[in-house]
There are 2 protein chains.
Amino acid sequence: MREDTRSRIQEIALKLFTEQGYEATSLREIAEELGVTKAALYYHFKTKEDIVASLADMRVADVEELLTWVRSQPKTPETRKELVLRYAAKLTNPRYLEVARFMERNQTAMRDHPKIHRMREVMLELTDELNDPGDPLAVRISRSMALFTLHAGKWMSQDEKLTDEEINEAAIEVALRLMEP
Amino acid sequence: MREDTRSRIQEIALKLFTEQGYEATSLREIAEELGVTKAALYYHFKTKEDIVASLADMRVADVEELLTWVRSQPKTPETRKELVLRYAAKLTNPRYLEVARFMERNQTAMRDHPKIHRMREVMLELTDELNDPGDPLAVRISRSMALFTLHAGKWMSQDEKLTDEEINEAAIEVALRLMEP
DNA sequence: GTCTATAGCGAGATAGAC
DNA sequence: GTCTATCTCGCTATAGAC
């Protein structure tokens, strides 16, 4: 029982965009790997950018939810720690992690894409919630690295002979250490 | 007394490639900003890729020098710390930092470019020198973030009302903390 | 060293048959 | 829902005059 075509396009596009870059990946390549012609793609997505938008949608709602939550909480060290943990929980969804990597690797190419632009904005606001403007610069740099370290820690560990659980815990450990004063 | 045309092409290309992305920046745009036609660019660089190669050259030699140095040293905590400090010293050259940012933002687009490929390779080897294979994963993740944190810490602080010296010290502080056990 | 003109290509996108 | 055929566009790169 195979997935529907729309999902397979997203899956293949995400893979190729991440490996080769967004601009370097043509619709012809995606179609070829899917086993159809590129004209068929246009039945499922109006444009190439629409494919990206559908990928971004996998993340945006999650992060906006976190942002809403954190803003309803008191700005305490405990809230910050909890935010890192909740973000890490979202990241246990492999699709989320893959989309994050795609965005990270194609930052500039995606510069004018509204959905991606919104995503960056939300991530910046989330990072802001981890920081007090009055803190020393070193503290702010350290805290601003926390969420990215969750991503990067997992990316770099993916081919280790370790369980997802172990990788997850290690990434969280480093991220939380970056949050300490 | 203005710079020669070749340097100005590099300068403009570096700026546009970083802001808009490599593929999204056409030679026409570069030429326009320079005030010539794109045909003129081909007198100074054989291809678009050659411009990138000339940019990469600004970094590769520096990093290879560091790699040679660190491999001539005993693998001690002191050597590692000194490597971070020496890398930070290279980063005080604004051009180096800009080229690092260009590469970071255009990773996938530059995937098949030999010079950029070599650069990534050397950076990975440099990061390897900061790690013992036997260390726990959390320690290895932490140490692997150190050099990148020097870049990112500076990028994110560039519009703060602080001196380069203060930014530099803060970034080093965070990077060294990531090196501690 | 810079210009005009253009070759040559592959991209995204569309029309209309099946 | 997928196909063939085609349009249009902008890009890299080159030829050759000045």
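Letters A, B, ... mirror the listed sequences (proteins, then strands); counts begin at 1.
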Can you tell me if the side-chain N/O atoms of T37(B) get under 4.0 Å from OP1 or OP2 in dC3(C)?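 Yes.
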Phosphate oxygens OP1/OP2 of dA13(D): is one of them under 4.0 Å from a side-chain N or O of Y42(B)?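 Result: yes.
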Please give, in whole Å, the distance from [N] [atom2] to [X] [atom1]?
X: K38(B); N: dG10(D); atom1: NZ; atom2: P; value: 11 Å
X: L41(B); N: dC11(D); atom1: CG; atom2: P; value: 13 Å
X: E32(B); N: dT2(C); atom1: CD; atom2: P; value: 16 Å
X: Y43(A); N: dT14(C); atom1: OH; atom2: C1'; value: 16 Å

Tell me yes or no: between the side chains of D57(A) and S54(A), is some donor less than 3.5 Å from an acceptor? no
Are a donor atom and an acceptor atom from the side chains of T92(A) and N168(A) found within less than 3.5 Å of each other?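 No.
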Counting only heavy atoms and a strict 4.0 angstrom limit, can you tell me which residues of residues 18-31 of chain A come near DNA chain D?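 The answer is none.
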Strictly below 4.0 Å, heavy-atom distances to any atom of DNA chain D: list the hits from residues 45-53 of chain A, or just say none.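 Within residues 45-53 of chain A, no residue comes under 4.0 Å of DNA chain D.
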Using the rule that two of Ile, Leu, Val, Met, Phe, Trp, Tyr join whenever any of their side-chain heavy atoms come within less than 4.5 Å, decide whether I167(B) and L85(B) are in one cluster. yes
Would you check if the distance from the ring center of Y87(A) to the ring center of H151(A) is below 6.0 Å?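 For Y87(A) and H151(A), the ring centres are under 6.0 Å apart.
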Salt bridge (charged side-chain N to carboxylate O under 4.0 Å, His left out) between R95(A) and E98(A), intermediate numbers included: CA-CA 5 Å; R95(A) 261 307 154 76; E98(A) 284 158 21; 3.3 Å; yes
Salt bridge or not between [X] and [Y]? Use side-chain N to carboxylate O under 4.0 Å.
X: K38(B); Y: E29(B); value: no
X: R140(A); Y: D135(A); value: no
X: R118(B); Y: E64(B); value: yes

State which of dT4(D), dT2(D), dA13(D) makes the closest approach to the side chain of A39(A).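 Minimum distance to the A39(A) side chain belongs to dT4(D).
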